[in-house]
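Written out below as structure tokens is the structure these notes cover.
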Amino acid sequence: MEHIQLKFSLADKADMASLLSLIQALYPNLGWTKDYMEWHYFENPAGQAKVWMCQDQGRAVGSVTAVPHRVWTRDRCTLGYRVQDVLTHPEYRGKSIYRTLSEECYAFLDDEENGVHFTFPNENSDRVFRTSRWFPIGEIPLWSAKPLAPKTRYEPLKNFEL
């Protein structure tokens, strides 16, 4: 790796091609495309996503995204954000990219007084969420579209796998 010049910013549409390349490199089997990103980040019925990026000489090397959702709480609908797509390119880990981007995202969320913000951290991001004033509010229930056989024993879902 040559000279590193990290730039942190709130991304715009012009940055999405670089971010899409990062997502596709890190998760080649998730099926992310330009059209999917456009729909997910910009054509969302609840509003446009906020994407914080770290770039090295124009190349995306990290991101944190807050996708808006309409959330019902206490008999009213409010706008909340789901924090996701928390990514750091493996060559750039250990440079506080994850922490810096997350803190910028959390500063935005803190200004959203009535919002209900949520996330589904994985084993790589759980520690950072817990040390950044997030806390678990419950377990994710396991649901099945097919009835289970009588006396079927199942364990609660602990993580998501593809």
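These figures come from a predicted structure and were not determined experimentally.
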Would you confirm whether S18, through its side chain, and A60, through its main-chain N or O, come within 3.5 Å as a donor-acceptor pair? yes
Smallest heavy-atom separation, W32 atom then Q24 atom, equals O-NE2, 2.8 Å
Treating D56 as the side-chain partner and Q5 as the backbone partner, does any N or O pair qualify as donor plus acceptor under 3.5 Å? yes
The side-chain hydrogen bond (donor to acceptor under 3.5 Å, both in side chains) partners of K13 (sequence neighbours excluded) come to E38
Please assess F8 against M53 for the test side chain to side chain contact (heavy atoms under 4.5 Å, CB included), listing each intermediate value before the final yes or no. CA-CA 6 Å; F8 295 87; M53 283 180 58; over 6 Å; no
Sub-4.5 Å side-chain heavy-atom contact between L19 and V51 = yes
Residues E91 and K95: closest non-hydrogen pair is O-CE, 4.2 Å
- request: Would you indicate whether the side-chain heavy atoms of L22 and V61 approach each other to under 4.5 Å?
  value: no
Rounding to 0.5 Å, atoms NE2 (H89) and OG (S63) come to a distance of 12.5 Å
Heavy atoms of V64 and L101 approach each other most closely as CG2-CB, 3.6 Å
SG (C54) and OH (Y98) are apart, to the nearest 0.5 Å, by 14.5 Å
Less than 4.5 Å apart, side chain to side chain, heavy atoms only: is that true for M37 and I23?
yes
* To do: Please answer whether the main-chain N or O of Y81 pairs with a side-chain N or O of H117 as donor and acceptor at a distance below 3.5 Å.
  => yes
Legend entry - Residue pair Q55 / R59, side-chain heavy-atom distance below 4.5 Å: no
Measure the acute angle between the ring planes of Y36 and H40, then classify it against the limits of 30° and 60° as parallel, tilted or perpendicular. parallel
Quiz item: For T78, does its backbone N or O pair with a side-chain atom of R70 as donor and acceptor, under 3.5 Å?
Solution: no
Between the CZ atom in R99 and the CD1 atom in I97, the distance rounded to the nearest 0.5 Å is 13.5 Å
d(S96 OG, L6 CG) to nearest 0.5 Å is 10.0 Å
Heavy atoms of V83 and C105 approach each other most closely as CG2-SG, 4.1 Å
Heavy-atom closest pair (A66 atom, W52 atom, distance to 0.1 Å) is CB-CZ3, 3.9 Å
Taking the six-membered ring for Trp, are F118 and H69 closer than 6.0 Å centroid to centroid? yes
For residues 41-50, which side-chain N or O atoms pair as donor and acceptor with protein atoms under 3.5 Å away, sequence neighbours left out?
residue, atom, partner, partner atom, Å
Y41, OH, T65, OG1, 3.4
Y41, OH, D85, OD2, 2.4
N44, OD1, A46, N, 2.8
N44, ND2, P68, O, 3.1

Heavy-atom check, side chain of L10 versus side chain of F108, under 4.5 Å: no
